[in-house]
Protein chains: 2
Amino acid sequence: MEGKSNIFTIASRTGYSVSTVSRVLTGQAAKFRISKKAIDLISETARQVNYQPDLVAQTLRTKQSHTIGLLVPGIDNPFFATLSGIIINLLAARGYHTLLADSRESEQEEEQALQMFKGRKVDGIIAVPVATKADNLEQIGRDIPVVLIDRHFKKTTLPYVCTDNYLGARMATDYLLDRGYKSILAIQGVPTSMPNQERLRGFTDAIKGKPVHYAVAGNAFSVENGHDEIMKCFSDGARPFDAVFAFSATILLGAIDAFRELNIEVKRDVGIISYDNNGFLDFLDPAVTRIEQPLREASSMAVETLFGIIDSRREGLPEPAVCQRLIPPTLVVRSSC
Amino acid sequence: MEGKSNIFTIASRTGYSVSTVSRVLTGQAAKFRISKKAIDLISETARQVNYQPDLVAQTLRTKQSHTIGLLVPGIDNPFFATLSGIIINLLAARGYHTLLADSRESEQEEEQALQMFKGRKVDGIIAVPVATKADNLEQIGRDIPVVLIDRHFKKTTLPYVCTDNYLGARMATDYLLDRGYKSILAIQGVPTSMPNQERLRGFTDAIKGKPVHYAVAGNAFSVENGHDEIMKCFSDGARPFDAVFAFSATILLGAIDAFRELNIEVKRDVGIISYDNNGFLDFLDPAVTRIEQPLREASSMAVETLFGIIDSRREGLPEPAVCQRLIPPTLVVRSSC
DNA sequence: AAGCTTTGCTCAAACGATTGCGCAAAAATA
DNA sequence: TATTTTTGCGCAATCGTTTGAGCAAAGCTT
């Protein structure tokens with residue numbers, strides 16, 4: 001049998017009505033006391049004609065798409081690629097499909113993606129927001145369950161699961177201070193982004209009052225940025241800092257590249273610590289000490305939270321308390337500082 | 001105005017019929033000679049009530065979802081993450097959305113994902129197949145345009161865009177031979193996968209007839225595999241090979257890790273070359289000589305091909321000649337061998 | 001045997017859009 | 001003025017499901 005079988009073909013082949021067929025096929029047979037005979041015949045016929053329900057029609061009718069919209073600001077960034085992978089698989093395990101959109105750090109593309117999600121009737125949204133104000137997402141959140149991940153807004157009613165970037169930066173900085181470094185360069189990423197701001201705050205708070213020299217440079221979570229800032233500071237054989245705190249793995253890589261060009265040896269000449277998970281950092285020489293974010297835990301918590309809201313709304317139950325979690329990151333000690 | 005506006009609300013607010021509203025909103029006004037007055041009023045009203053078409057209903061009616069199904073065997077693998085990112089952005093540029101599914105190297109999950117795509121009425125599918133026989137995908141391909149990427153089947157009528165793994169492996173091996181290596185260990189990935197088989201064939205063909213000792217080991221595209229095989233061969237201070245050809249970047253990393261444990265220095269003690277793109281490989285020390293696949297080119301060619309089929313089927317035109325391309329990879333020379 | 005329950009199913013209206021066909025009024029032509 | 005043509009729009013079916021309401025036949029009760 002070929003592709004175009006629908007509930008109607010089954011109805012006419014079995015002699016039952018489409019209602020009965022539908023109820024059997026959606027497992028509602030018992031509830032409507034369909035006879036065993038009918039159940040068997042219909043199921044068997046469905047199998048024979050290789051019936052696959054039209055999920056689009058189903059969605060239109062039931063208002064449930066079994067699809068979640070996932071919005072990230074740059075799928076080409078390994079960090080978000082990993083995150084997406086984890087989330088997609090968590091969703092798949094629950095029988096949900098994923099519409100993936102990339103806002104490419106653009107508010108406008110974010111807005112478009114959200115509208116698309118809405119038009120597609122996704123059952124929920126998991127987003128790494130790029131907007132600076134929560135309005136848009138909160139607006140959408142009234143129609144569709146939304147959970148933020150990795151980034152959130154300062155004052156928002158939306159649930160989020162992020163890692164504690166302030167804490168992470170403090171941990172990193174404190175570690176550097178403990179190791180005796182006296183002059184630290186922080187290379188930051190996108191200054192307007194929430195994680196960056198928190199990391200910066202953690203960094204400066206940790207250093208405040210200590211007899212330590214420091215500076216902040218940079219403006220993007222990119223390899224180029226890391227490279228360029230190091231070149232600027234360390235050119236002409238200068239060694240103005242004895243340690244560098246890279247706010248992302250990409251920045252770190254750029255820095256390492258620059259150090260190589262400058263013939264500055266990491267660890268011997270300058271200590272270096274990084275943010276971000278990246279198994280890759282273990283293969284560098286020396287392996288890079290870093291702040292890792294518990295991505296798996298955060299993802300799974302975000303997914304739980306999302307389905308908590310979805311389920312309660314579907315059942316008409318009161319919504320669970322808004323979950324706003326900051327998960328503490330972990331310091332992974334290697335040998336780069 | 002709030003979310004629940006549909007074509008009907010606009011119709012009643014303007015006094016026009018839903019037909020007219022629909023035609024205006026889908027840009028068919030001219031074709032049906034709708035008056036300028038009606039056009040203006042309807043457009044303005046749509047704006048006021050913040051009308052967003054229900055894409056699900058639209059899909060049901062028009063049989064076009066503006067969605068492409070993307071199937072990869074492991075989104076957590078950086079290679080496929082990068083590939084997905086590129087493809088998603090190419091599709092977005094054409095106004096298409098992406099349903100992303102992960103088969104996790106399982107034929108069964110692949111099959112499920114394909115059925116899901118079909119049920120969701122995707123307009124086309126781009127897949128990195130894991131199945132060993134083409135049947136399933138060819139079957140689907142009759143209903144929905146399908147283009148394979150990265151992996152293909154030996155004899156298939158399906159269009160594909162892959163890189164020439166045979167050639168790549170030859171290039172890598174020839175390079176090693178040119179550099180004077182005399183004893184080469186190849187560590188392969190999943191033996192049943194097409195790319196692996198081709199790489200293996202390229203490797204052995206390149207070495208055939210040369211006075212060179214070689215061996216093949218391994219069975220997965222994973223870090224562990226790379227690590228374990230090196231440990232097996234090089235334990236007890238043995239140096240049975242003077243060069244290693246890793247069939248993937250993950251394998252390479254495992255190998256490097258093992259060499260570190262064994263106190264074997266890459267380049268001085270053993271040459272090493274790898275397959276796969278991975279910007280990361282440049283940051284290792286020494287930077288890794290490798291075979292890079294033109295991912296961007298392949299992706300864009302796959303997308304072009306796909307839309308070639310989609311467009312011709314939509315217009316009822318004869319289908320374009322089946323595009324089956326093997327793109328030559330490039331040797332990126334660094335300093336690991 | 002009359003009434004009440006249960007059983008097992010069908011009818012038809014949604015869901016929100018698109019679209020072939022038709023048709024009245026206005027304009028153009030004869 | 002009568003006919004034809006053009007303009008501008010509406011009717012209602014359709015896509016493939018789900019679902020509230022209803023109903024005949026069979027079984028049970030008294």
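Small disclaimer: the values here were computed from a predicted structure and weren't measured. All values below were derived from every heavy atom in this structure, side-chain atoms included, with hydrogens, water molecules and symmetry-related copies excluded. So you know, we letter chains A, B, ... as the sequences are listed, proteins then strands, and number each from 1.
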Base versus backbone protein contacts along nucleotides 16-22 of chain C [heavy-atom cut-off under 4.0 Å; B, S, -] | BBBBB--
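- Taking the six-membered ring where tryptophan is involved, the planes of A/F307 and A/Y96 are perpendicular, since the angle between them exceeds 60° and thus also 30°.
- Remark: P of C/dG8 and NZ of A/K31 are 17 Å apart, rounded to the nearest angstrom.
- The closest side-chain heavy-atom distance from B/Q115 to B/Q112 is not below 4.5 Å.
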Listed pairs under 3.5 Å, donor-acceptor, residues 295-303 of chain B side chains, sequence neighbours left out:
from, atom 1, to, atom 2, distance (Å)
B/S299, OG, B/L295, O, 2.7

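- A donor-acceptor pair shorter than 3.5 Å can be found between the side chains of A/S17 and A/T20.
- In this entry the distance linking CD1 of A/I42 with C1' of C/dC9 reads 10 Å, nearest Å.
- In this structure, the nucleotide among C/dC9, C/dT10, D/dG8 sitting nearest to the side chain of B/S35 is D/dG8.
- Put simply, CG on B/D40 is 13 Å from P on D/dG8, counting in whole angstrom units.
- Of the N and O atoms on the side chains of B/T67 and A/R120, at least one donor lies less than 3.5 Å from an acceptor on the other residue.
- Atom CZ in B/R33 sits about 16 Å away from atom P in C/dA24, given to the nearest Å.
- At the heavy-atom level, B/G15 lies under 4.0 Å from the strands shown only through sugar-phosphate atoms.
- The NZ atom of B/K118 sits 15 Å away from the C1' atom of D/dG16 (whole-angstrom rounding).
- Counting non-hydrogen atoms of neighbouring residues, nucleotides and ligands closer than 6.0 angstrom, the CD atom of B/Q108 reaches no more than 12 such neighbours.
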